[in-house]
Structure formats: structure tokens, C-alpha cells
Amino acid sequence: MSDNNQYTEHRASERSTVQDRIGVTDINSGEEIGHLANISLGGFMLITNRQLPLNSLFQLRLDLPSTIDGVDSIDLGAESLWSQAATDAETVWTGFHIIDIADRHTLVIGKLIDSWTSE
């Protein structure tokens, strides 16, 4: 695992802590690989129980807790940038940069973030 302390922060926007459980599925395998811890329009942190390869591209689906503007899941392409073991040693945090997403799904992420920050 790479040391997160050596990862240089390059976020364009502040990440918001996820207020609902949003499962993340690997589209290629159909397997849920974890759930979101936080998200921004440009990236997110995944909580998982496995080490994922770094600097790798993934096709992922975020399963929303409720439908927003007719959307109940968000498909996107993301690159894994860093990972760090959590304090419980069975959990791994992995940071992703979103590299491919439909405009309408970006708007849905923005609405989710707005709903969490306005509560």
C-alpha cells in the first residue's frame, strides 16, 4: 500500500462527506467493491475491504439511495490514485479521480452534495 502522506493534494473542489450509503459496483465484474466516504465533482474516496490496483482505470456505478432527476445510478470512469489502510486493518480507503462522466450525472452529484450541505 502506498503511504497517503506522500500523495500531493490536487483537488479542484472540496469533497463532501457522504450522508447516505452509496454502494460502488465494478461494472465489468458486476461486483460491489465498496461504498463512498466522500465525493466532489472531480473525485471520491471509496471505503472497501480490498486492496485495489493503483493508477488503474475503473468503470464504476454509484447506486444512489433515491432517484434524482430520473437517475438512480451514476456510471463513470475513474482512476485510482492512492490507498491507505484504515485503523481497523480490514478496511482500505482508496482515492479516485473521475475521468469520464455524463454531464447529467455530474449535475446529479452536484445536487447530492447540495442536499448534504444544506441539511
Side-chain angles (χ1 to χ4, degrees):
M1 260 182 250
S2 65
D3 181 359
N4 189 30
N5 294 332
Q6 294 179 6
Y7 178 72
T8 304
E9 184 64 52
H10 293 292
R11 289 188 194 141
S13 57
E14 188 71 26
R15 289 197 183 165
S16 295
T17 302
V18 174
Q19 302 295 316
D20 302 296
R21 188 180 194 292
I22 297 179
V24 178
T25 300
D26 181 319
I27 292 173
N28 294 321
S29 71
E31 182 180 4
E32 184 173 296
I33 60 171
H35 63 277
L36 292 184
N38 60 44
I39 191 166
S40 73
L41 296 179
F44 57 91
M45 184 171 72
L46 177 74
I47 299 172
T48 183
N49 63 358
R50 67 187 78 185
Q51 178 65 43
L52 298 171
L54 296 182
N55 304 310
S56 296
L57 301 179
F58 292 83
Q59 290 295 317
L60 302 173
R61 175 168 293 131
L62 311 181
D63 299 310
L64 302 179
S66 60
T67 302
I68 299 173
D69 293 344
V71 174
D72 59 5
S73 66
I74 295 172
D75 291 354
L76 54 84
E79 179 182 12
S80 57
L81 299 178
W82 59 266
S83 71
Q84 178 178 345
T87 54
D88 66 13
E90 293 179 14
T91 303
V92 178
W93 300 325
T94 304
F96 285 86
H97 172 67
I98 297 172
I99 58 172
D100 183 37
I101 186 171
D103 290 343
R104 97 183 257 229
H105 289 170
T106 300
L107 293 172
V108 169
I109 290 173
K111 287 185 178 192
L112 272 173
I113 291 169
D114 289 346
S115 73
W116 296 327
T117 56
S118 65
E119 291 179 347

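Quick caveat, the model's predicted, so the values are computed rather than measured.
Across every non-hydrogen atom of Arg50 and Glu32, the tightest pair is NH2-O, 3.7 Å. Considering every non-hydrogen atom in both Asp20 and Pro65, the closest pair reads CB-CG, 3.6 Å. Closest heavy-atom contact between Pro53 and Ser80: O-OG, 2.6 Å. Taking both residues in full, the closest heavy atoms of Ser83 and Thr94 are given as CB-OG1, 3.7 Å, listed atom of the first, atom of the second, then distance. Of all heavy-atom pairs spanning Ser40 and Ile113, the tightest one is CA-CD1, 3.9 Å. Across Leu41 and Gly110, no two heavy atoms sit closer than the pair CD2-N, 3.8 Å.
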message: As a quick check of understanding, evaluate side chain to side chain contact (heavy atoms under 4.5 Å, CB included) for Leu46 and Leu52, giving each step before the final call.
response: CA-CA 10 Å; Leu46 177 74; Leu52 298 171; 3.7 Å; yes
- request: Please report the C-alpha distance between Leu57 and Asp100 in whole Å, then the side-chain angles of each, then the deciding distance to 0.1 Å, and finally whether the side chain to side chain contact (heavy atoms under 4.5 Å, CB included) criterion is met.
  value: CA-CA 10 Å; Leu57 301 179; Asp100 183 37; over 6 Å; no
- request: Show the numbers, then the answer: is there a side chain to side chain contact (heavy atoms under 4.5 Å, CB included) between Leu112 and Ile22?
  value: CA-CA 11 Å; Leu112 272 173; Ile22 297 179; 4.1 Å; yes
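Atom CG of Leu36 sits about 9.5 Å away from atom CG of Leu60, to the nearest 0.5 Å. To the nearest 0.5 Å, the span separating CG on Leu62 from OG on Ser73 amounts to 8.5 Å. Here the CD1-OG1 distance, from Ile39 to Thr17, works out to 11.5 Å after rounding to the nearest 0.5 Å. The distance from atom OG1 of Thr25 to atom CG of Asp63, rounded to the nearest 0.5 Å, is 4.5 Å. Here the CG atom belonging to Asn28 is positioned 6.5 Å from the CD atom belonging to Gln59, to the nearest 0.5 angstrom. Within the model, atoms CZ of Phe44 and CD1 of Ile109 stand 8.5 Å from one another, a figure rounded to the nearest 0.5 Å.
Other residues, nucleotides and ligands contribute over 12 non-hydrogen atoms within 6.0 Å of the CG atom of Asp88.
Between the Thr48 side chain and the Val92 main chain, no donor and acceptor come within less than 3.5 Å of each other. Under a 3.5 Å cut-off, the side chain of Thr91 and the backbone N or O of Asn49 do not form any donor-acceptor pair. Of the possible donor and acceptor atoms, none in the side chain of Thr67 sits under 3.5 Å from a partner among the backbone N and O of Gly70. Although no hydrogens or angles enter the test, the distance criterion places a donor-acceptor pair under 3.5 Å between the side chain of Ser56 and the main chain of Leu54.
A 4.5 Å side-chain heavy-atom check between Asp75 and Ile27 finds at least one atom pair inside the cut-off. Counting heavy atoms from C-beta on, the side chains of His105 and Leu76 never come closer than 4.5 Å.
Between Phe96 and Phe58, the ring-plane angle classifies as perpendicular under the 30° and 60° cut-offs.
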